[in-house]
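So the structure is just underneath, and the comments pick up after that.
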There are 2 protein chains.
Amino acid sequence: MRSKPTLVEVAALAGVSKMTASRALRGAADVSEKNVEKVLRASEEIGYVTNHLATSLSSRTTNLIGVIVPSLSNVVFAEVLAGISDSIHESGKQPVFGVSNYDSEVEKGIIRDMLSWRPSGIIVTGLEQTDQSKKLLEGAGIPVAQIMDVDGDLIDINVGLSHIDAGRDMARALIDRGRSKFAYIGSALDKDIRARKRMKGFKEELRNAGLELISTRTDADFSSLALGRQMTAEMLASGCEIDCIYYSNDDLAAGGLFAAMAAGLEVPKQLLIAGFNGLEFLEGLPVRLATTRSPRRKIGSEVTRVLLEAMERSLTPDERRLIFRPEIDLGDAAA
Amino acid sequence: MRSKPTLVEVAALAGVSKMTASRALRGAADVSEKNVEKVLRASEEIGYVTNHLATSLSSRTTNLIGVIVPSLSNVVFAEVLAGISDSIHESGKQPVFGVSNYDSEVEKGIIRDMLSWRPSGIIVTGLEQTDQSKKLLEGAGIPVAQIMDVDGDLIDINVGLSHIDAGRDMARALIDRGRSKFAYIGSALDKDIRARKRMKGFKEELRNAGLELISTRTDADFSSLALGRQMTAEMLASGCEIDCIYYSNDDLAAGGLFAAMAAGLEVPKQLLIAGFNGLEFLEGLPVRLATTRSPRRKIGSEVTRVLLEAMERSLTPDERRLIFRPEIDLGDAAA
DNA sequence: TCTGGTATCGATACCGGTATCGGTACCAGA
DNA sequence: TCTGGTACCGATACCGGTATCGATACCAGA
């Protein structure tokens, strides 16, 4: 297993200097057609593959964009990544993903690792990094984007939505639909800062309307259909009188739907169920639940655009922050 | 924005040579306690972050492991990645993810990109790469693992399950449960090679039992609850007489459940619904569907183990291939 | 014929680390 | 006192590319 061929070998085979070979392969100027031809053929022949380590070290720039999300099993982030991948493609940049598992210490480690590869930009999830992480990011000398959430101070670039507002807006919409006896069900709230913010906004808006949550149920586990179902079943069994439940996300809400169905409740008539995210799988459920459509893909593509822009020129504060106002879909409750 | 501090600056501040600084930071031998101390402090003070580009170029090895999957929105792959991340962690290696979108040309591009970073190992999904991709992988001089599928020729290392057998086994199990009037519903079969293999095995086993698929329905779109629901509704409306539907995966199957419920069919009594993967969300559904539990996480952790092993020493053919036999869960139909 | 401009190349010096190997200093044992 | 071993350190040569700048060849125009 001899080591991979280098540029010098390509050059030798093509009968030119490595500088000319380098230029030819990059499609740079100052190389004759004839030589470009020869170099390309030589490269092909010996199966040359650029060594990006050397390229990047030498040129002092990489085509890497670091992206850190808290989880992959959550479709939401998978879609954000898809949005990033798609719109990053033509720029010649390459995204590198890291997963923090909602752990800010892990996140710090990943940030360090990523920066050690000298990416030309980095995207992290949320506004809440540890002070150490923030210092690392600020000291990196590259554009830094924080996504998903805009409720707080940004480091450099910020693209997302206000989860506090999202909670508020949903509360307002539900009240407007005539609901008044509210409950809340959420999970993993200690890790999911944005879910907490939604809950906060939701409660605030209720309070503004002179209302209170009649029942609240939370669990430390991550959200799942089964958990939503179980928690809802328990809440319903407890006999509290409610006509609407706001969930920390769609997974729990869908589980809630099944619990309601099992309890013989008509959804949304007797019990309005509201989630968050607007995940695609809601379309397939027996009942169209209420939800907030978070612009996940859009966040991915837009943050990429802004980040690439920031690598070219200095942005104005306005350009650095993009706030989306997500759309509320009441589903069958809208009728 | 001056550029990041280098090792030389750390060394200067610590009052030693850069070689000593290098050793100190790596925890290598041949440095006095006193100097380790000084270097660490200096490094901390000026916020030094290793330049992995230089490290890797110089040492001619990286801590990178490339991982290419067809999709992230599919939880299955997200879980495989999670398995890989988890078990790779203590090795000091770092996974780098790429997404091919089920497109082998895209995959080839990603393979090239990844190899250009000189990873010390690479993991790709499935056994079907283009010849060009295979040549690239073989010529890379690093351990190459193909995962998920074992029905075919391997390049180097192979960890997964036989989807043909999975289809066969499910057919056998369903027949044993007394079903005889089978239908099949699948989607994106042109892209999802493994789903095709399952279908193939399924049909083979039916044939062995003297049975045939009574109805088959496929769609080019990717699987979703809604699609499964729609296709199933159409099939049921067509009036064909069936007592069991095998789906290309759990998403479609769950959608099928809702269609069956809407049609007033009792599941699994009147209509047995079988999917594939054993996704977690099945637990939350009103009915426990039949499924095959694919060992996704296990595949991720095991392939990592074998790959790391292969980087240490030469493996025997037996060690290079790991075949899992997935467990069938008939859900409520088991009772 | 001479000058200046354009196209094309290649020698050389890095990029920021690590591998290697040859010192020094110091101490134990002969 | 001399020898050999150990602990520690740094000079130097790379790793595989790219940036830079000067050289060469050739042609048009003066």
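Note on naming: letters A, B, ... go to the chains in the order of the sequence lines (proteins, then strands), and numbering restarts at 1 for each one.
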Legend entry - Earlier contact from the 5' end, DNA chain D, for B/S17 and A/R60: B/S17
Inset, instruction - Examine C/dG17: is either OP1 or OP2 under 4.0 Å from a nitrogen or oxygen in the side chain of B/Y48? Give yes or no. - result: yes
Inset, instruction - Scan B/N51 against the nucleic acid and name what it touches under 4.0 Å (heavy atoms): base, sugar-phosphate only, or nothing. - result: sugar-phosphate
Inset, instruction - Tell whether B/K18 reaches the base of C/dG17 with its side chain through a donor-acceptor pair below 3.5 angstrom. - result: yes
Inset, instruction - Sort out the partner of C/dC15 for me: Watson-Crick or G-U wobble, both distances under 3.5 Å, none otherwise. - result: D/dG16
Inset, instruction - When you get a sec, tell me which of C/dC9, C/dG17, D/dG17 is the closest nucleotide to the side chain of A/L7? - result: D/dG17
Inset, instruction - Would you please say whether a donor-acceptor pair under 3.5 Å links the side chains of A/R320 and A/T316? - result: no
Legend entry - B/S301 versus B/T304, side-chain donor and acceptor atoms under 3.5 Å: no
Legend entry - Polar pair under 3.5 Å, donor/acceptor by atom type, side chain A/S58, base D/dG17: yes
Inset, instruction - Starting from the 5' end of DNA chain D, give me the residue, B/A54 or B/G15, whose nearest nucleotide shows up first. - result: B/G15
Legend entry - No-hydrogen, no-angle side-chain donor-acceptor test under 3.5 Å, B/K108 and B/Q132: yes
Legend entry - Presence of donor-acceptor pair under 3.5 Å, side chain of B/R23 and base of D/dG10: yes
